[in-house]
Amino acid sequence: MSAKLLEGKPASEKILAEVAGKVAELKAGGIRPMLAVVLVGEDPASMSYVAGKERACARLGMLSETHRLPASAPIGEVLGLVAGLNVRRDVHGVLVQSPLPGGLDETAVVEAIDPRKDVDGFHPLNIGRMLAGRDALLPCTPSGIIELLAHYGIDPAGKHAVVVGRSNIVGRPLANLLSRKGWGGDATVTLCHSRTANLAHHTRQADILIAAVGKPGAITADMVKDGAVVVDVGVNRVPDASDRRGYRLAGDVEFSGVAAKASAITPVPGGVGLMTVAMLMRNTVVAAGRA
Ligand code: NDP
């Protein structure tokens, strides 16, 4: 492998150290930052993400509470829970773990969260403020990727960034942040998706290639330009009988082939995922500081 490994650990630890400092300041002023998480159903990946968020809060001296509802919970119960968290003065961040079980209207739930407590940065008010280049709680994975690139001295300015995947939580906000004027942005951005004709034609032009597809092996070496920076957002559970869990985690990028061509690449796990949690912690202290 010739590519530099863009590990999330040092970059996320730097952010978490800053967050810990803010937590100490807030506590000195009588505020203990608190993240409330709503988990509906028992999706194993969601349960493990929520446990990771609880651990991160505990490590930083922040409070967290997880509200568990059965997958059969009616929408009214979820909305009622969110409404209660919105008005609690001791709760600074509220997030509803996605995906929600089928039948529950995710949009309605996200829009029910008080935008000031929307630490996932998914509420239309925060999205709109982000699009307008104004101060906002930014979505954690996209803003974490911008921080990760910055940590390794990779400046998107003037580069061609190609984002594969246009979800509201990763691809679209990331394309926006990369094309913003100023720090962490100023890239020329192409946004690809499942209807993109000749995907490889676009990905091969990328100076910075970001894969947020949700399909292992979606990006292969022939789709990557020599020397490109490759960010793999994908977290996919691939069946693996040799692993005690019965699966292993794989990104969207065919790692060994792409690493031989790229100048830098993120690992999965240990890359973008760590940044996502760090940015969530940062958003929570920001929200607590404004409360
Ligand atoms: P979504 O399923 O919401 O979006 C996937 C996107 O990929 C869609 O825009 C889809 O296009 C596009 N796509 C699917 N197949 C192809 C293809 N063959 N060619 C080009 N584009 C394609 O996923 P998310 O954005 O929520 O997540 C993407 C991945 O990132 C997942 O593996 C997820 O687990 C992971 N993830 C990781 C996080 C982290 O912290 N590391 C955080 C969030 C997600 P279309 O719109 O046309 O359907």
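Indexing begins at 1, ligand by ligand and atom by atom, following the structure's order. Numbering of residues begins at 1 and proceeds along the displayed sequence.
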### Sequence-distant partners of R55, side chain to side chain contact (heavy atoms under 4.5 Å, CB included), two or more places apart
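Per chain and number, R55 pairs via side chain to side chain contact (heavy atoms under 4.5 Å, CB included) with A51.
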### Query
Name the residues in contact with ligand 1, where contact means a heavy atom under 4.0 Å away: which are they?
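Contacting ligand 1 under 4.0 Å are T141, V164, G165, R166, S167, I169, V170, H193, S194, L199, A212, V213, G214, K215, V233, G234, V235, N236, V272, G273, T276.
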Below 3.5 Å, can you tabulate the donor-acceptor pairs from side chains in residues 272-291 to any protein atom, sequence neighbours excluded?
unit_1, atom_1, unit_2, atom_2, d
T276, OG1, T141, OG1, 3.0
T276, OG1, V272, O, 3.3
R282, NH1, E147, OE2, 3.0
R282, NH2, E18, OE1, 3.4
N283, ND2, V119, O, 2.8
N283, ND2, L138, O, 2.9
T284, OG1, L280, O, 2.8
R290, NH2, D135, OD2, 2.8

### Query
Would you say the side chains of E254 and S256 form a donor-acceptor pair under 3.5 Å?
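On atom types as modelled, these side chains qualify, holding a pair under 3.5 Å.
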### Within 6.0 angstrom of K261 NZ, more than 12 heavy atoms from elsewhere
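More than 12 within 6.0 Å, yes.
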#### Entry: Residue pair P269 / V235, side-chain heavy-atom distance below 4.5 Å
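Side-chain contact under 4.5 Å: no.
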### Query
Can you list every side chain to side chain donor-acceptor pair (under 3.5 Å) pair that touches residues 177-190, not counting sequence neighbours?
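Non-adjacent pairs meeting side chain to side chain donor-acceptor pair (under 3.5 Å): H160-T190.
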